[in-house]
Amino acid sequence: MTQPICLWSGPRNVSTALMYSFAQRDDVRVIDEPLYGHYLRVSGAPHPDREGVMAAMNCDGDAVVRELFAAQQDEPSRRLFLKHMAHHLVELDLGFLAESTNLFLIRSPQEMLPSLTIQLPGAQLVDTGLKRQWEVFSALRDAGQSPAIIDSRELLLDPAGVLAPLCAHLGLAFDERMLSWEPGPRPEDGVWAPHWYHALHTSTGWSPYVPKADFPDHLQGLLAECRPWYDKLYAHALRARPEGERD
């Protein structure tokens, strides 16, 4: 049975760029955050255009999962790549995780939090998904899975060197087309794209890694909450190749 690939990311982690990267493949069909409406419904989270997002999609998360997995079996020649946010896993039957190929995308909270708090000024640990990522990763490993973890910094430092072993882990051959894409909105984008993807829509591929500037003092407390969960996850992440070995 062909298993969908479930990406479990946090916000502002270059997850949409990773979705665009997989969208370049002929053997993959990507879907953007299919559980977002469910999350907004059950959490009450005050996200940008909350009502518009919920009106545009099925907000019954368990039904969404059933439909997606049925669609995968109807078209087994193309793997589903489901871009998810880890914090969307609320009030759901998680049995589908045993039937998924699971992948985690993380980013240093020192680089992620200043970006996140532009859209969510009152962001808390739960909004980063980091603790939830560790909980799900640990549960999957205890169940006998070997989920991959990739880190956004390592990915940006060496896209080909991280994507190639990732593809091998997922049972796919690496495709050079994953390194670039056309600028502008994509048909796979969720309706929330105007609020979150404007910078990415100017890109044509993986941008070089650029360290962030000074970290805001008012986020130091949240950073201290996030750091232990990130460090646990990063210990298992794929690494960029040494600089001299990169293309």
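Summarising the local packing, CD of E243 is surrounded by 12 or fewer heavy atoms from other residues, nucleotides or ligands at distances under 6.0 Å.
In terms of the ring pair (Phe, Tyr, Trp, His ring centres under 6.0 Å) criterion, residue partners of Y234 (sequence neighbours excluded) are, by chain and number, Y230. R29 pairs by the salt bridge (charged side-chain N to carboxylate O under 4.0 Å, His left out) definition with E75, not counting sequence neighbours. Checked against side-chain hydrogen bond (donor to acceptor under 3.5 Å, both in side chains), W8 has the following partners two or more places apart in sequence or in another chain: N102. The side-chain hydrogen bond (donor to acceptor under 3.5 Å, both in side chains) check on E91 picks up nothing, with sequence neighbours excluded. Taking the side-chain contact (heavy atoms from CB on, under 4.5 Å) definition, one finds that E245 meets it with R241, P242, sequence neighbours left out. In this structure R25 satisfies the side-chain hydrogen bond (donor to acceptor under 3.5 Å, both in side chains) test together with D27, sequence neighbours excluded. With sequence neighbours left out, P11 forms a side-chain contact (heavy atoms from CB on, under 4.5 Å) with M85, H87, L116. Taking the ring pair (Phe, Tyr, Trp, His ring centres under 6.0 Å) definition, one finds that H38 meets it with nothing, sequence neighbours left out.
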Would you be so kind as to tabulate the donor-acceptor pairs closer than 3.5 Å made by side chains of residues 176-195, with sequence neighbours excluded?
| residue | atom | partner | partner atom | Å |
| --- | --- | --- | --- | --- |
| R177 | NE | D175 | OD1 | 3.2 |
| R177 | NE | D175 | OD2 | 3.1 |
| R177 | NH1 | D26 | OD2 | 3.3 |
| R177 | NH2 | D26 | OD2 | 3.4 |
| R177 | NH2 | D175 | OD2 | 2.8 |
| W181 | NE1 | S203 | OG | 3.0 |
| R186 | NE | E188 | OE1 | 2.9 |
| R186 | NH2 | E188 | OE2 | 3.4 |
| D189 | OD1 | Y20 | OH | 2.7 |
| D189 | OD2 | Y20 | OH | 3.2 |
| D189 | OD2 | R186 | N | 3.0 |
| D189 | OD2 | H201 | NE2 | 2.8 |
| W192 | NE1 | Y197 | OH | 2.9 |

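The side-chain hydrogen bond (donor to acceptor under 3.5 Å, both in side chains) contacts involving residues 50-71 comprise nothing, where partners must be two or more places apart or lie in separate chains. Pairs passing the side-chain hydrogen bond (donor to acceptor under 3.5 Å, both in side chains) check and including a residue from residues 112-134, sequence neighbours excluded, read R12-S115, R132-E135, W134-S138. Residue pairs meeting the ring-ring contact (aromatic ring centres under 6.0 Å, His included) criterion with at least one partner in residues 42-63, sequence neighbours excluded, are Y36-H47, Y39-H47.
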